[in-house]
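Heads up, the thing below is written out as structure tokens.
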Amino acid sequence: MDAKDILGLPKSTHPASQEKKSRPLKESQRKPDGISREVYALTGGVPPLMPAVEPLQLKKRPPTDEKITWQWLPFTSSARKDNLQLYHWVIVVNGIPPTGDYSFAKYNKSVDVVKYTDEEYEKHLTDDMWTKEETDQLFELCQQFDLRFIVIADRFSSSRTVEELKERYYKVSRSILIARAAAFPGNISEHPIVKEPYKFTQERDRKRALSMVLSQTKHQERKDYEVLAEAKRIAESHMAARNAKESELLVTFTMDSERAIVFGETLSPPSNSEFAPAMVAHSTSMAENASTLVSLRMLRVYLRTYALDQMIQAASSSAGLRTIKRVEQSLQELGVNLKPRVPTKAVCAQHLDLRKEILTLLNLQKQLQHKEAEGTSYHDGPYETPGTPKDRTFVPDSTSFGGEVLGDRVGKRDQKRKALGRAEAPSLPAQSKRPRKLRASDL
Amino acid sequence: MNNGSSSTMHGPDQPEISGPAPAPKSLRTKMGKPEDSEKKIFHKKLKDVEISVPIVYGNIAFWLGKKANEYQSHKWTVYVRGATNEDLGVVIKRAVFQLHSSFNNPTRVVESPPFELSECGWGEFEIAITLFFHSDVCDKPLNLFHHLKLYPADESGPMSTKKPVVVESYDEIVFPEPSEAFLARVQNQPAVVVPRLPAGVALPPPVPVEDPSNRKRGDTKDHPLCQWFTNFSEADELLRLATARQQVQTHIAKFRREITLLEGQHQQVNSVSDQ
């Protein structure tokens, strides 16, 4: 069939062949230029869904009316001080070669190494450890190697360390600058060499320390890490304990302890031995309290109400919003102002302690509920244990602060529990939203 | 009885005699002469010594009645006074009241006590009060905010030109690390509450104050509006707090008992099921 088609011979009237005739016709009609027929057939003979980049477009370039040729031409570079003639390929546009300096010449930077005269040397720069020849050589090398001291040290005739060379170089430069500035008045105090003189011993020690750190074995690293972590823990516990101590007792502080408090974050193990071992078991709340106190002290002046707010925030930092709302609700039920009306020192202290106690109470309540839940699960076995109740109202009967009714209600609950004994699941307060637990009596 | 007694046990701060009443003379005479070895420089700050200045700030507003017009319906005074009406000038150098921008020169500076400002107006707005202290006290100013109240909360009653609307707030300015100079200067001043100094620390005797009759009186004991001043007493609040704490502590104890009880029960159950 195809052969007949190619040859353009008349086809038979067979319908199948008709189809075949039309299909190749269609294909050859639709096949775009630029890609071969076979490749196009790969896509099923149908154009791709996404518009493909026309290959022909890729090769197109913007038509330019400039005549471009490439020529092998000589060039000069301002970076070169000799007369060496070099050549390279250069693009020539419309017969005009490029102008301007060699494009890489701008990278030829050098350091301004001080150049002293002999008189200047005699006047300012003589030194016991250095001869003039050595100094001259040093400066020549500095100029030549752009202050790459490692290289300079290598090339130096006598065996001087890098630090020694640096020291000599910077000392000389500094002296020269200062001497010259004295003669021709000018402000050079901002010049980096004058401003920050080279410190030989510091550099030497620094490099030694660096190399030690670098050459640490893995084992040493681990040990260091452990020691530091331990030190940090000790420091923190001492800080909290000390802050608690200083706020509870009247202690006259020596200068040492004063300094230690100020730099409390960076305590190292040795200085901890000054203080008695922490006698107070520090809890997180104490530490928070202590840090609030410290930050208040920094203020130099503040209002009592502000201080109280900060302390309340610190104490409630671990509590969620719902818990905080509950605390406030309790305060209201107890007939206490959320913000004290007469915030004296004593009142604020009491208020804060009350809030903390309420928090403790709420936590205990939660704990108790969990315990109860655990208890019921022992008896229920395959039944699913209740999740933490979501919308439990704060005041189940037994803990409402409704004045004198208190004792009775709580008492009743106790009695109920004892009466049921451990064989039965304890009955829960009416407000509970948990599903009724299976009781032993139900089995 | 003059001092808050429970502060020593509960507060996280150092024991201090605080409360609106000043410390009795007997405590002050207990201070011995400073030893030479312990002589401190005058501008050194003392830790563990906290100076507090109880203040009351707020406003009193009178309806002008017949004389009222649309823009000036009330005459009000905003002020900062000592809680016991003592002279705050020993601590405060000047007070700046920032009024609503609709007022002329809304930044009003009061250079001497009593630190107050009177104006006529119709609107209620927030007033920012900035207190600047003497140089030996503190170089940082302190801000207070007071919402000016002119109209009585209960709108049903008739407005009276005789009975003003009074809104006052109590607070205490605290200087956690006062300089010795400050401490020495104010140790006998009634407006300031100075605690008992820690053992071993002593102050030089106070500089004699200039003859008060030469200076204008800065206290507000006989202030024209003093009949409207609130007397803030901590006693009532302390009592309520103590009662509340009692209740809470009782509950805590009960819960703890219940928890231990349950834990005991669970343990028994466990041992049974292990068999």
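Only a predicted model underlies this, so the values are computations on that prediction, with no experimental measurement involved. Order of the sequence lines fixes the chain letters, A, B, ..., with proteins taken first and strands second; residue numbering starts at 1 for each chain.
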- Item | Pair B:R256-A:T360, side chain to side chain contact (heavy atoms under 4.5 Å, CB included): steps then yes or no | CA-CA 11 Å; B:R256 288 216 164 111; A:T360 312; 3.8 Å; yes

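- The contact between B:T230 and chain A is made entirely by side chain atoms (from C-beta outward), counting heavy-atom distances below 4.5 Å.
- Here salt bridge (Lys or Arg N to Asp or Glu O under 4.0 Å) pairs that include residues 127-139 of chain B, with residues two or more places apart or in two chains, are A:R300-B:D139, B:D136-B:R185.
- Panel note: side chain B:R240, backbone A:G335; a donor-acceptor pair is recorded below 3.5 Å.
- One distance of note links SG of B:C138 with OH of A:Y302; it measures 12.0 Å at 0.5 Å rounding.
- Once rounded to the nearest 0.5 Å, the distance linking CZ of B:R245 with NZ of A:K356 reads 10.0 Å.
- Top candidate by heavy-atom pairs under 4.5 Å with chain A, chosen from B:T250, B:L142, B:V56, B:V174, is B:V174.
- To the nearest 0.5 Å, atom CE of residue A:M298 and atom CD of residue B:E177 are 9.5 Å apart.
- To the nearest 0.5 Å, the span separating CG on A:L364 from NZ on B:K254 amounts to 13.5 Å.
- Between chain A and the residues B:S169, B:A242, B:A244, the most heavy-atom pairs under 4.5 angstrom are made by B:A244.
- Taking each heavy atom of B:L238 and A:Q350 in turn, the nearest pair found is CD2-CG, 3.8 Å.
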Practice item. Starting from the C-alpha separation in whole Å, work towards a yes-or-no answer on side chain to side chain contact (heavy atoms under 4.5 Å, CB included) for B:Y170 and A:R341. Key: CA-CA 7 Å; B:Y170 175 97; A:R341 191 168 158 267; over 6 Å; no

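- Minimum interatomic distance between B:N143 and A:L303 (heavy atoms only, all atoms of both residues): O-CD1, 4.0 Å.
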- Would you check, one step at a time, whether the test side chain to side chain contact (heavy atoms under 4.5 Å, CB included) holds for A:Y306 with B:D171? CA-CA 9 Å; A:Y306 171 79; B:D171 213 326; over 6 Å; no

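- In this structure, the side chain of B:E234 does not engage the main chain of A:P343 through any donor-acceptor pair within 3.5 Å.
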**OP:** Begin with the C-alpha distance, continue with both residues' side-chain angles, and end with the deciding distance and a verdict on side chain to side chain contact (heavy atoms under 4.5 Å, CB included) for B:V248 and A:L354.
**Re:** CA-CA 8 Å; B:V248 174; A:L354 178 61; 4.0 Å; yes

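- The distance from atom CD of A:Q365 to atom CD1 of B:I252, rounded to the nearest 0.5 Å, is 11.5 Å.
- Using a 4.0 Å cut-off between a side-chain N of Lys or Arg and a carboxylate O of Asp or Glu, B:E50 and A:R304 qualify as a salt bridge.
- The pair A:K345-B:E172 does not count as a salt bridge, with every side-chain nitrogen at least 4.0 angstrom from each carboxylate oxygen.
- Across B:H251 and A:L361, no two heavy atoms sit closer than the pair CB-CD1, 3.5 Å.
- For A:L296, the part sitting under 4.5 Å from any heavy atom of chain B is the backbone (N, CA, C, O) and nothing else.
- Residues B:L262 and A:E372 approach most closely at CD1-CG, 3.7 Å, considering heavy atoms.
- Residues passing the salt bridge (Lys or Arg N to Asp or Glu O under 4.0 Å) test with A:K371 are B:E263, sequence neighbours excluded.
- The candidate with the highest count of non-hydrogen atom pairs below 4.5 Å against chain B, out of A:L299, A:V347, A:V336, is A:V347.
- Shown here is A:K325, whose NZ atom has no more than 12 heavy atoms of other residues, nucleotides or ligands within 6.0 Å.
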